[in-house]
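Numbering starts at 1 and runs along the sequence shown.
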Amino acid sequence: MQEFVFDHAFWIALIQIIGIDIVLSGDNAVVIALAARSLPEADRRRAVMWGSSAAVVMRVTLTVVAAELLRLPLLKVAGAGLLLWIAVQLLLPEDEGEGEGQMVKGGFIAAIKTIMIADLVMSMDNVVAIAGASKGSLLLLILGLGLSIPLVVFSSTFLMKVMERFPVVVTGGAALLGFVAGEMVVSDLFLGPWIDANAAWLHRALPIAGAVFVVSVGKLLAARKARKAALELSLGEASPESGTPR
């Protein structure tokens, strides 16, 4: 361990990894805030901590195998599709479930799953940079990403408070994820070269289209879900069991 303490190259590389992760972790903080915003306060903290920690572990694992993964054609396109689906789901109202305890437990687990999957998808764009800065050192990689956890936790906690006060930020966060999905498509190993050569305008159009798609579909499905819930509520109130005649 002593050789690392006095190794300037080690510390420079560590600072580079932390810097890269700070710059590229904004999207991840948005996902965590969106996924955990509807949980009770105590479960929010747990979801943020567990989700952030799990995301870092997954990112380390992904970075280790990045060279092989990123050679797969259409990998980013598949990831973009998954990210679009996640972004749309984050705009939908929560299901109440059968009971309060079940709802809280299900919401907590669902939030953790969402954070992990979304982080895995979005990490495909920055694993190469992090892997390059670590210069093959797993210790550097783990230290750099581990030290970034407090930043992501703070950012996501701050964003949740902003979302509570300004609900429009929720829509903006989901739109950002759609924008990121569009960027993933244009940088895909298989489609990217064709887009560069034949349709460079897609570099601007697809990210915008992704953001518009998420907001439009998310709002449409949320409105449909709200109407269905209102209809079920009105039918329940008018049912014989409720003591009110139809």
4.5 Å side-chain heavy-atom contact, [X] and [Y]:
| X | Y | value |
| --- | --- | --- |
| His203 | Asp196 | yes |
| Val186 | Leu191 | no |
| Leu83 | Met184 | yes |
| Glu183 | Leu206 | no |
| Met160 | Leu34 | no |
| Phe213 | Leu84 | yes |

Decide whether [X] and [Y] are clustered together by the hydrophobic rule: side chain heavy atoms of Ile, Leu, Val, Met, Phe, Trp, Tyr closer than 4.5 Å, transitively.
| X | Y | value |
| --- | --- | --- |
| Ile208 | Val217 | no |
| Val169 | Val212 | no |
| Ile86 | Val214 | yes |
| Leu82 | Val185 | no |
| Trp85 | Val215 | no |

[X] [atom1] to [Y] [atom2] distance, which is reported to the nearest 0.5 Å:
| X | Y | atom1 | atom2 | value |
| --- | --- | --- | --- | --- |
| Leu221 | Lys228 | CG | NZ | 11.5 Å |
| Lys76 | Leu74 | NZ | CG | 12.5 Å |
| Leu159 | Ile32 | CG | CD1 | 9.5 Å |
| Arg44 | Met49 | CZ | CE | 15.5 Å |

Please report the closest heavy-atom contact between [X] and [Y], naming both atoms and the distance.
| X | Y | result |
| --- | --- | --- |
| Ala175 | Ala211 | O-CB, 3.3 Å |
| Ala87 | Leu177 | CB-CB, 3.8 Å |
| Leu202 | Pro207 | O-CD, 3.7 Å |
| Pro193 | Asp188 | CD-O, 3.8 Å |

Seminar exercise, completed: By side chain to side chain donor-acceptor pair (under 3.5 Å), Lys219 pairs with (sequence neighbours left out) Thr171
